[in-house]
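Each remark here refers to the structure printed beneath this line.
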Amino acid sequence: MTEVRTRFAPSPTGYMHIGGMRTALFNWLWARHNGGKFILRIDDTDRSRHVEGALQPILEAFRWLGLDWDEGPEVGGPHGPYFQSQRQEIYRQAIERLLASGKAYRCFETPEQIQADRAEDEKAGRPYVSRRRSLDLSAEQVQQWVAEGRPHVIRLLVPRGRTVEIDDAVRGHVSWDTSMMPDPVLVRSDGSPLYNFATVVDDAAMRITHVMRAEEHLSNTPVQCLIYEALGVSPPRFAHIPIVTAPGSSRKLSKRDVAKYRNNPAFRKLFQMAEAVFPVVGLELSESLNPVMVAFYQELGFVPPGVLNALCRLGWSLDDRTEILPLETVVEKFSLERIVKSPAAFDPDKLLMFETHWMQQLPLEERVEGCLRFLAKAGWLPHSPTPRQRDYVTRIVQAMGERLRVFGDILSYGDFFVEDERLEYDEKAFRKRLQSAESIELLAAFRERLGEVEPFTAEELEALMRRFVEQQGVKMGQIVHPVRVAVTGKGVGFGLFETLEILGKDRVLRRIDRALQRARQSLS
RNA sequence: GGCCCCGUCGUCUAGUCUGGCCUAGGACACCGGACUUUCGAUCCGGUAACAGGGGUUCAAAUCCCCUCGGGGUCACCA
């Protein structure tokens with residue numbers, strides 16, 4: 001049994017697409033499941049698109065999610081280099097072989113000529129196929145033109161009148177008629193190889209056994225099969241996994257549509273989270289930081305197990321009921337047979353569900369650690385917090401419970417980190433809960449009783465309030481809400497008594513006094 | 001338009017290969033109820049799907065045919 005070798009071959013674009021991450025994950029899973037190797041190869045053949053520093057965000061996404069690669073950038077490996085731009089010599093040798101054996105030919109047709117041919121065929125209602133005029137050239141003529149430096153590309157000579165067939169691990173048997181295929185360009189006129197060619201040469205050289213990629217590549221497959229054939233190499237097993245579509249859409253999730261996604265109900269929650277977090281930590285939505293990109297989730301404080309869980313369920317399932325899947329389980333159980341054929345829509349809601357679950361699985365210290373990072377980024381706490389600050393945050397995180405889905409959520413509790421005099425009030429909540437003579441009177445009365453609470457704990461505070469409402473003959477809600485708005489400025493939050501305990505007596509009293517004053521002013 | 005792929009609740013999916021256990025299961029979302037100190041928290045419950053039409057069969061989500069719908073791709077991009 002030969003070693004399973006899979007690869008993910010991104011082009012350095014400066015960001016990692018969430019759908020691409022899912023493809024990478026599937027490749028990684030298949031390699032790990034089989035105890036094989038996962039290779040990262042950088043497809044940077046298009047020099048005109050080269051951008052400096054565009055690789056790091058991609059590697060960073062892998063590192064963040066904990067997907068390691070056995071061969072590739074930074075780690076090297078026996079089949080390097082792993083940058084296509086550094087493998088020119090390998091492609092050159094391969095193309096020489098194809099040229100020598102007559103499997104490929106130099107094509108001197110001009111782009112204009114080809115365009116005219118295409119137009120003609122389209123008009124005639126038949127599929128375009130190459131005219132192959134250059135095939136009629138004598139060897140001497142070709143040699144001379146090459147010597148003159150006449151621009152030309154190298155094309156694969158597609159054998160006509162045949163079918164190319166594959167047995168796709170996901171799609172099953174798929175076949176194409178070669179008679180309708182134009183001869184694909186293998187090498188550009190500047191001598192650089194094209195994707196289809198470089199990919200095949202590299203996959204063969206790197207002994208890739210399984211090519212798992214998005215279904216949009218299915219139509220590239222016959223061309224690649226023919227190149228394998230011409231090279232005299234048997235092709236790998238193909239597995240074309242379903243496209244990841246945008247929520248509520250059947251179209252491919254794309255960065256080009258980010259603007260549209262803003263109005264997408266399913267995406268709204270994500271944008272709202274970003275609006276709450278990014279400005280506070282000095283970030284903003286951009287080309288490379290939006291819900292289509294992996295970095296978006298990292299910057300919002302998502303935890304990797306949740307993201308991984310969500311991604312693995314996009315087009316794959318373990319059985320008829322298991323949703324919560326630790327990576328180890330997926331590695332153990334992953335199989336090609338259980339990959340779904342139909343497209344899968346990315347579901348932010350479900351992602352959040354997974355996040356909520358996996359966040360809770362983290363030990364308290366780790367949750368606190370993550371929150372501290374965000375508090376530091378926001379500038380609300382120093383990067384090296386004191387034990388006292390750490391303890392303070394620990395108590396908040398504990399009180400938040402499942403309200404903490406992602407680390408960025410800690411930033412919606414800014415009222416715990418603001419000076420008492422700076423506390424801002426949610427106007428709606430303030431009006432509803434504090435702007436009445438009854439509320440003011442009740443709150444003032446309750447404030448006076450706060451002094452007697454000793455110790456100032458949630459337990460004692462609750463006992464006090466229960467005594468208080470009984471004596472006053474009012475319902476809990478009549479005092480709970482005014483107190484909450486007075487001390488946090490908001491109408492909602494976690495347990496009120498925990499809130500009071502965490503804030504401490506002094507701050508609670510100061511905040512109530514301030515709220516009282518403000519409420520009285522607004523009434524008069 | 002050509003080629004190729006896909007089509008089970010709004011969404012992710014189980015079931016399809018090996019027809020019957022499917023009066024189609026689970027999850028997310030949604031709706032309702034409970035709790036009651038709020039809530040985007042928690043608990044409980046509910047609505048909701050085999051794209052359509054023909055066959056084959058005692059029996060079809062499952063097999064066959066047609067139709068319709070959706071998507072991908074048609075570069076000297078990857």
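Lettering follows sequence order; numbering is per chain, from 1.
- Within the shown strands, nothing qualifies as a pairing partner of B:A75 under the Watson-Crick or G-U definition with both distances less than 3.5 Å.
- Taking 3.5 Å as the limit, the base of B:C76 and the side chain of A:S189 contain a donor-acceptor pair of atoms between them.
- Cation-pi geometry between A:R118 and A:Y128 is met: the NZ or CZ atom falls under 6.0 Å from the ring centre, inside 45° of the normal.
- Which of B:A27, B:G2, B:G72 sits closest to the side chain of A:E216 comes down to B:G72.
- Side chain to side chain, A:D44 and A:S85 meet the donor-acceptor criterion of an N or O pair below 3.5 Å.
- For an aromatic pair to be called close, the ring centres must be under 6.0 Å apart, and A:F271 with A:Y261 fails this.
- Considering only side-chain atoms of A:R338, the nucleotide from B:A29, B:A14, B:G72 that sits closest is B:A14.
- Between A:K341 atom NZ and B:G7 atom C1' there is a gap of 12 Å when expressed in whole angstrom units.
- The base-pairing partner of B:G40, taking Watson-Crick or G-U wobble contacts with both distances under 3.5 Å, does not exist among the strands shown.
- Atom pair A:I166:CD1 and B:C3:P shows a separation of 18 Å (rounding to whole Å applied).
- Atom CG of A:D347 and atom P of B:C12 are 8 Å apart (whole Å).
- In this structure, A:R118 and A:A345 both approach RNA chain B, and ranking their closest nucleotides by distance from the 5' end singles out A:A345.
- As the counterpart of B:C21, no nucleotide is assigned, since no Watson-Crick or G-U wobble pattern has both distances under 3.5 Å.
- A:R403 has no side-chain polar atom (N or O) that falls below the 4.0 Å cut-off from OP1 or OP2 of B:U38.
- Going from atom CZ of A:F197 over to atom P of B:C76 covers 16 Å, rounded to whole Å.
- With a 3.5 Å ceiling on both atom-pair distances, B:C50 lacks any Watson-Crick or G-U wobble partner.
- Atoms CZ (A:F354) and P (B:U11) sit 17 Å apart, rounded to a whole Å.
- Judged by distance alone, the side chain of A:S439 and the main-chain N or O of A:Q435 form no donor-acceptor pair under 3.5 Å.
- Spacing of C1' atoms, B:C30 relative to B:U36, comes out at 23 Å, to the nearest Å.
- Comparing A:P127 and A:Y195 by the nucleotide of RNA chain B that holds the closest heavy atom to each, the one mapping nearer the 5' end is A:P127.
- At the phosphate of B:A78, OP1 or OP2 sits under 4.0 Å from a side-chain N or O atom of A:R188.
- In this structure, A:E462 places its CD atom 8 Å from C1' of B:U37, rounding to the nearest Å.
- Base-pair partner of B:C35: not found among the strands shown (Watson-Crick or G-U wobble, both distances under 3.5 Å).
- Pair assignment for B:A61 gives none, since no Watson-Crick or G-U wobble pairing has each distance under 3.5 Å.
- Of the nucleotides present, B:C68 is the one that pairs with B:G7 by Watson-Crick or G-U wobble criteria, both distances under 3.5 Å.
- As judged by a 4.0 angstrom heavy-atom cut-off over every strand, A:L351 is placed among residues making no nucleic acid contact.
- Put simply, CG on A:D320 is 9 Å from P on B:G26, counting in whole angstrom units.
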Between A:D167 and A:R237, does a side-chain contact (heavy atoms from CB on, under 4.5 Å) hold up when you go through it step by step? CA-CA 8 Å; A:D167 182 26; A:R237 188 87 202 277; 3.7 Å; yes

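- Across all strands shown, A:L218 has heavy atoms under 4.0 Å from sugar-phosphate atoms exclusively, and none from any base.
- Taking a cutoff of 4.0 Å between a charged side-chain nitrogen and a carboxylate oxygen, A:E355 and A:R405 do not qualify as a salt bridge.
- In this structure, the nucleotide among B:U38, B:G15, B:U13 sitting nearest to the side chain of A:S317 is B:U13.
- Taking only distance into account, the side chain of A:N220 meets the base of B:A78 through a donor-acceptor pair shorter than 3.5 Å.
- At the heavy-atom level, A:G172 lies nowhere under 4.0 Å from the strands shown.
- For A:S219, no side-chain nitrogen or oxygen approaches OP1 or OP2 of B:C4 to under 4.0 Å.
- For B:C66 and B:G71, the P atoms lie 23 Å apart once the distance is rounded to whole Å.
- Between the side chain of A:K350 and the base of B:A27 there is at least one donor-acceptor pair of N/O atoms closer than 3.5 Å.
- If you take CE of A:M465 and C1' of B:U36, they are 14 Å apart, rounded to a whole angstrom.
- Distance noted for atom C1' between B:G53 and B:C68: 10 Å (whole Å).
- Of the possible donor and acceptor atoms, one in the side chain of A:R171 sits under 3.5 Å from a partner among the backbone N and O of A:K341.
- Of the side-chain N and O atoms in A:R213, none sit less than 4.0 angstrom from OP1 or OP2 of B:A78.
- No contact: A:H240 has no heavy atom under 4.0 Å from any strand.
- For B:G26, the base has a donor-acceptor partner in the side chain of A:E323 [N/O atoms by modelled type, under 3.5 angstrom].
- Remark: A:K252 is in phosphate contact with B:U73, judged by side-chain N or O atoms under 4.0 Å from OP1 or OP2.
- Across all strands shown, A:V153 has heavy atoms under 4.0 Å from base atoms, whether or not it also approaches the sugar-phosphate.
- Geometrically, A:R22 engages A:F26 in a cation-pi contact defined by less than 6.0 Å to the ring centre and at most 45° from the axis.
- When distances run from any side-chain atom of A:R313 to the nucleotides B:U38, B:C76, B:U13, the shortest one goes to B:U13.
- Of the P atoms belonging to B:A27 and B:C6, the separation is 29 Å, rounded to the nearest Å.
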